[in-house]
Amino acid sequence: MSEAPDKFNTPYQPQNVEGEIYKKWEESGFFNPDNLPLRLDAQGKQVEMEPFTIIMPPPNANGSLHAGHALFVTVQDILMRFERMRGKKTLWVPGADHAGFETQVVYEKKLEKEGRSRFEMQADDLYKEIMDFTLSNKSFMEGQIRQLGASCDWSREVFTLDERVIDTVYDTFKKLNDDGLLYRAPRIVNWCPKHQTSLSNLETERETRTDKFYYLKYGPFTIATARPETKFGDKYVVMHPDDKRYAQYSQGQQFELEWINGPITATVIKDESIDMELGTGVMTITPWHDPIDFDIAKRHNLPYEQVIDWRGKLLPIAGEFEGMNIKDARAKIVEKLQSKGLVEKIDETYSHEVPVCYKCGREIEPQVRPQWFISMQPLAQKAIEAVKNGDVRVLTENHEKILLHWLENIQDWNISRQIVWGIPIPAWSRSTDAHGKQSEEWKIQVEDPGDGWTRDPDTFDTWFSSGQWPFATLGYPDSNDFKTFYPTSVMETGADILFFWVARMLMLGLYRTGKVPFRDIYLHGLVRDAKGQKMSKSKGNVISPLEISNEYGTDALRMGLIVGNTPGTDLNLDPRKIGAYKKFANKIWNIARFVLSQEHDGEIKSELKDEFDAIAADVTKDIEEYRIYMAADKLYHYVWDRFAAEILEESKGKPEYGATLYYLLENSLKLLHPFMPFLTEEIWGSLPNKSTLLLIETWPVNARN
RNA sequence: GGGCGAUUAGCUCAGUUGGUAGAGCAACCCGUUUACACCGGGAAGGUCACAGGUUCGAGUCCUGUAUCGCCCACCA
């Protein structure tokens with residue numbers, strides 16, 4: 001009888017081995033594709049290694065990793081370890097995201113707690129403070145990614161504010177300008193009065209509200225509005241040209257009327273965008289604070305005037321209401337309208353949707369502000385083609401539909417943000433006075449053009465730079481890495497950032513490099529709590545993956561995140577399920593203990609080998625086709641129900657099984673390694689005659705091609 | 001308003017191209033004969049939302065209904 005090493009006398013204790021194992025892997029250098037051992041064919045000739053690349057979605061360096069991070073690290077690590085063992089030249093590029101607005105919001109909350117405010121700080125000081133905050137979070141976060149077992153190449157780690165990333169972003173901005181796809185224009189933007197910045201459409205959410213709907217007398221008309229506080233400057237009344245009720249009024253006709261702060265002159269406008277069914281079929285317009293009104297004003301070349309300031313207070317145009325917060329002002333204004341007999345009726349049950357800031361929930365105040373916009377349609381068109389002709393494949397099919405639908409209805413993208421934490425926009429302006437006409441001249445460049453020029457104080461939307469991540473990280477256009485590893489193999493990320501990030505990467509990648517940035521898009525769903533509720537701090541149901549890892553072991557956490565989790569659908573993370581896989585880890589541990597106590601002599605039983613090889617082939621196919629949840633489940637059942645429960649029991653007292661047991665153990669460890677890397681590596685080190693790491697062992701099934 | 005999805009055991013969910021329903025947890029009975037009590041054995045539990053259709057055969061494909069959910073959108 002052989003003896004299993006002493007460590008097998010106690011149950012498997014992940015906390016004792018994981019740190020050491022990770023250190024061994026990292027020090028081996030094999031996370032770096034340049035150091036991988038050469039593969040030789042049967043004739044001893046060196047085999048050309050096919051690249052396999054994943055760019056890790058860079059976690060926001062503003063806090064701890066959450067369950068979603070643990071999920072993507074696990075999925076990607078499984079693919080990387082699988083392909084590495086299959087002899088591919090595997091590169092997994094880790095990163096960290098400065099996460100512009102997101103991080104600034106986190107930092108502002110911190111400032112608030114300290115009784116400070118960013119609006120009282122110098123931009124440079126604020127920037128420096130957030131940088132320190134971000135960098136310390138970044139190194140903290142890197143430790144957590146290691147704890148989850150990520151076999152990524154730390155020597156190639158990229159931060160979204162690295163110089164070469166910024167340079168790439170600047171080049172793209174300039175190219176967009178040169179190609180006529182960039183414009184600066186006063187447009188209605190989504191303005192958050194709390195955060196004092198504009199936001200893209202994706203950064204707003206909708207809330208259904210029941211508000212009062214006021215029917216106001218406007219000269220001979222009745223207009224309906226939910227926002228009387230915006231109506232001070234309304235001097236145009238608009239109706240549909242075909243509306244018979246108002247046929248007697250003609251375009252441009254003027255009339256006098258008594259309004260909130262006195263008599264005004266109004267003008268009739270006919271516009272086909274008016275819905276005759278809604279309200280009274282007549283409305284006045286507030287072009288500065290409403291997108292529809294803005295479009296009407298633009299079509300008819302009407303002036304527009306700001307009524308509400310950037311902090312949500314009324315401007316002098318409001319007369320006696322100047323300086324009031326719009327919320328407080330509404331009731332007072334209605335009171336005054338009522339006293340003047342201008343309120344016809346009030347509908348108390350008007351239900352509508354209002355846009356709110358996705359961070360603070362405050363109502364968005366549409367404001368006109370000159371911003372940088374990208375004309376998205378030409379970019380989207382290329383992306384649509386790439387999806388349709390299969391250059392990029394989307395998992396799953398329903399996400400492909402969602403993506404295409406969004407791309408087909410794309411809107412121009414506002415990439416200016418009025419925050420300091422981000423990449424400064426490389427644009428300079430000066431006003432010129434040509435022929436008595438004031439106008440603004442812009443230059444797109446990083447260097448100061450000289451006297452009289454002022455730099456745009458805004459920064460880029462983070463997603464504009466993130467959208468260039470795959471080619472920026474790989475050193476487009478000249479580096480060897482770019483030539484070797486681009487297009488990358490898989491983009492694996494959350495379905496919730498399909499539009500924010502994946503779609504933008506696809507469009508900008510195609511635009512800059514002419515190639516798709518990734519071949520496959522693998523989207524995972526949201527990680528919810530055991531009951532299927534969204535995790536949130538306020539509910540107190542947030543499950544920290546690191547705590548789970550400490551309690552049950554990283555391998556158990558990984559299995560719990562994978563099994564039963566089909567791509568694209570949400571996953572409920574139940575600690576009890578993780579507990580089940582902790583038991584599985586111990587089961588494998590004890591299988592090893594038993595097998596190591598046997599002599600490994602004799603013949604390998606061919607029917608058991610064939611049976612195993614069939615499972616191995618099956619599992620291989622599952623991983624190749626991204627059914628990793630199924631591969632993990634199959635291994636679980638083979639190892640427990642077949643190998644341990646039947647084969648092992650059958651072998652007791654029969655020494656001729658020795659070689660078979662070793663064969664099955666060794667190869668099971670290989671198959672399990674991508675899923676449960678720590679445990680399998682630890683056992684591998686205890687097998688006789690094993691001097692190399694399991695990390696770079698050869699996968700038991702040949703690659704398909 | 002438009003789009004996408006879900007409905008399978010008490011709970012949470014799998015079920016790859018259509019071929020007599022599966023897991024984890026919970027609940028029930030039994031068992032400490034040296035791999036493992038982080039265990040073993042056994043039994044129980046589902047008209048696969050509903051109604052039609054295609055098929056020799058449907059949880060799986062098609063149509064409709066109901067309920068739930070998600071995403072997108074400038075209705076005053």
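The sequence lines fix the lettering, A, B, ..., with proteins before strands; numbering per chain opens at 1.
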So does Tyr350(A) get a backbone contact from the side chain of Asp211(A), meaning a donor-acceptor N/O pair under 3.5 Å? no

Write down the distance separating the P atoms in U33(B) and A23(B), rounded off to the nearest Å. 28 Å

C1' gap between A73(B) and G18(B), integer Å: 39 Å

Rounded P spacing from G22(B) to U47(B) in Å: 15 Å

Taking the same atom, P, in U16(B) and in U7(B), what whole-Å distance lies between them? 12 Å

With RNA chain B as reference, determine whether Asn565(A) or Trp406(A) sits nearer its 5' end, using the nearest nucleotide of each. Asn565(A)

Distance between the P atoms of C71(B) and C29(B), in whole angstroms? 45 Å

Indicate the atoms forming the closest heavy-atom contact of Tyr218(A) with Leu257(A), along with that distance. CD1-CD1, 3.8 Å

Mind checking what makes ring pair (Phe, Tyr, Trp, His ring centres under 6.0 Å) contact with Tyr236(A), not counting sequence neighbours? none

Expected string for nucleotides 58-70 of chain B under the B/S/- scheme (protein heavy atoms, under 4.0 Å, primed atoms plus P, OP1, OP2 as sugar-phosphate) is -------------

Given protein heavy atoms under 4.0 Å, the one-letter contact record of nucleotides 2-8 of chain B, with B base, S sugar-phosphate only and - none, is simply -SSS---

Closest heavy-atom pair, Gly68(A) versus His524(A), reported as atoms and distance to 0.1 Å, is O-NE2, 4.2 Å

Any idea how Tyr183(A) and Phe373(A) line up, ring-wise: parallel (<30°), tilted (30 to 60°), or perpendicular (>60°)? parallel

Has the side chain of Arg369(A) got a donor or acceptor atom that lies under 3.5 Å from a matching backbone atom of Thr197(A)? no

Taking side-chain contact (heavy atoms from CB on, under 4.5 Å) as the test, write out the residues that go with Ala659(A), two or more places apart. Ile604(A)

Could you measure between the two P atoms, the one in G42(B) and the one in G24(B), and give it in whole Å? 14 Å

Could you list, one pair per line, each protein nitrogen or oxygen that sits under 3.5 Å from a nitrogen or oxygen of nucleotides 15-18 of chain B, together with the distance?
unit_1: G15(B); atom_1: OP1; unit_2: Tyr629(A); atom_2: OH; d: 3.0
unit_1: U16(B); atom_1: O2; unit_2: Arg627(A); atom_2: NE; d: 2.7
unit_1: U16(B); atom_1: O2; unit_2: Arg627(A); atom_2: NH2; d: 2.9

Suppose the criterion is salt bridge (charged side-chain N to carboxylate O under 4.0 Å, His left out): which pairs have a residue in residues 285-308 of chain A, not counting sequence neighbours? Asp271(A)-Arg299(A)

Tabulate atom names and distances for all N/O pairs under 3.5 angstrom spanning the protein and nucleotides 34-41 of chain B.
unit_1: A35(B); atom_1: OP1; unit_2: Lys652(A); atom_2: NZ; d: 2.8
unit_1: A35(B); atom_1: O2'; unit_2: Asn590(A); atom_2: OD1; d: 2.9
unit_1: A35(B); atom_1: O2'; unit_2: Arg593(A); atom_2: NH1; d: 3.4
unit_1: A35(B); atom_1: N7; unit_2: Lys652(A); atom_2: NZ; d: 3.4
unit_1: A35(B); atom_1: N6; unit_2: Ala644(A); atom_2: O; d: 3.1
unit_1: A35(B); atom_1: N6; unit_2: Glu649(A); atom_2: OE2; d: 3.1
unit_1: A35(B); atom_1: N3; unit_2: Asn590(A); atom_2: O; d: 3.2
unit_1: C36(B); atom_1: O4'; unit_2: Asn590(A); atom_2: OD1; d: 2.9
unit_1: C36(B); atom_1: O4'; unit_2: Asn590(A); atom_2: ND2; d: 3.4
unit_1: C36(B); atom_1: O2'; unit_2: Asn586(A); atom_2: ND2; d: 3.3
unit_1: C36(B); atom_1: O2'; unit_2: Asn590(A); atom_2: ND2; d: 3.4
unit_1: C36(B); atom_1: O2; unit_2: Lys587(A); atom_2: NZ; d: 2.8
unit_1: C36(B); atom_1: N3; unit_2: Lys587(A); atom_2: NZ; d: 2.8
unit_1: C38(B); atom_1: O2'; unit_2: Asn586(A); atom_2: ND2; d: 3.2
unit_1: C39(B); atom_1: O3'; unit_2: Lys587(A); atom_2: NZ; d: 3.3
unit_1: G40(B); atom_1: OP1; unit_2: Lys587(A); atom_2: NZ; d: 3.3
unit_1: G40(B); atom_1: OP1; unit_2: Trp640(A); atom_2: NE1; d: 2.5

Separation of C72(B) atom C1' from Leu403(A) atom CG, nearest Å, is 13 Å

Side-chain heavy atoms of Val542(A) within contact of His66(A), under 4.5 Å: no

Side chain to side chain donor-acceptor pair (under 3.5 Å) between Asp347(A) and Thr349(A), intermediate numbers included: CA-CA 6 Å; Asp347(A) 180 352; Thr349(A) 58; 3.2 Å; yes

Looking at Lys605(A) and Glu656(A), what are the two nearest heavy atoms and their distance? NZ-CG, 4.0 Å

Measure across Val563(A) and Ala632(A) and return the closest heavy-atom pair with its distance rounded to 0.1 Å. CG2-CB, 3.7 Å

Just the atom pairs and distances: protein N or O near nucleotides 74-76 of chain B's N or O, under 3.5 Å.
unit_1: C74(B); atom_1: OP2; unit_2: Arg206(A); atom_2: NH2; d: 3.3
unit_1: C75(B); atom_1: O2; unit_2: Asp275(A); atom_2: OD2; d: 3.4
unit_1: A76(B); atom_1: OP1; unit_2: His352(A); atom_2: ND1; d: 3.1
unit_1: A76(B); atom_1: OP2; unit_2: Tyr350(A); atom_2: OH; d: 2.4
unit_1: A76(B); atom_1: O5'; unit_2: Tyr350(A); atom_2: OH; d: 3.2
unit_1: A76(B); atom_1: O2'; unit_2: Ala224(A); atom_2: O; d: 3.2
unit_1: A76(B); atom_1: N6; unit_2: Asp275(A); atom_2: N; d: 3.4
unit_1: A76(B); atom_1: N6; unit_2: Asp275(A); atom_2: O; d: 2.4
unit_1: A76(B); atom_1: N1; unit_2: Asp275(A); atom_2: N; d: 3.2

Expressed in angstrom and rounded to an integer, what is the separation of Asp529(A) atom CG from C25(B) atom C1'? 15 Å

Quick note, salt bridge (charged side-chain N to carboxylate O under 4.0 Å, His left out) partners involving residues 227-236 of chain A, not counting sequence neighbours, are Arg227(A)-Glu229(A), Arg227(A)-Glu365(A), Glu229(A)-Arg330(A), Lys231(A)-Asp234(A)

Only Watson-Crick and G-U wobble pairs with both distances less than 3.5 Å should count. Give RNA chain B in dot-bracket notation, marking inter-strand partners with |. (((((((..((((.....[..))))..((((.......))))......(((((..]....))))))))))))....

Does Tyr249(A) have its ring centroid less than 6.0 Å away from the ring centroid of Phe221(A)? yes

Suppose you measure atom P in C48(B) against the same atom in A21(B); what distance do you get, rounded to whole Å? 11 Å

Closest contact, heavy atoms only, Pro11(A) versus Trp589(A): C-NE1, 3.7 Å

Within this structure, what is the CG-to-C1' distance between Asp641(A) and G22(B), rounded to whole angstrom? 12 Å

Using the ring centroid of each side chain, check whether Phe584(A) and Phe675(A) are separated by less than 6.0 Å. no

Should the pair Arg393(A)-Glu625(A) be classified as a salt bridge under the 4.0 Å nitrogen-to-oxygen rule? no

Taking salt bridge (Lys or Arg N to Asp or Glu O under 4.0 Å) as the definition, give me every residue that meets it alongside Lys652(A), ordered by chain and number, with sequence neighbours left out. Glu649(A)

Could you pull out all donor-acceptor pairs under 3.5 Å where a side-chain atom in residues 568-575 of chain A meets a protein atom, sequence neighbours excluded?
unit_1: Thr569(A); atom_1: OG1; unit_2: Thr566(A); atom_2: O; d: 3.0
unit_1: Thr569(A); atom_1: OG1; unit_2: Thr566(A); atom_2: OG1; d: 2.7
unit_1: Asp570(A); atom_1: OD1; unit_2: Leu526(A); atom_2: N; d: 2.8
unit_1: Asp570(A); atom_1: OD2; unit_2: Arg528(A); atom_2: NE; d: 2.8
unit_1: Asp570(A); atom_1: OD2; unit_2: Arg528(A); atom_2: NH2; d: 2.9
unit_1: Asp574(A); atom_1: OD1; unit_2: Arg576(A); atom_2: N; d: 3.0
unit_1: Asp574(A); atom_1: OD1; unit_2: Arg576(A); atom_2: NE; d: 3.3
unit_1: Asp574(A); atom_1: OD2; unit_2: Arg576(A); atom_2: NE; d: 3.4
unit_1: Asp574(A); atom_1: OD2; unit_2: Arg576(A); atom_2: NH2; d: 2.9

Answer with base, sugar-phosphate or nothing: what part of the nucleic acid does Phe294(A) contact at a heavy-atom distance below 4.0 Å? nothing

Roughly how far apart, to the nearest Å, are C36(B) and U32(B) at atom C1'? 12 Å

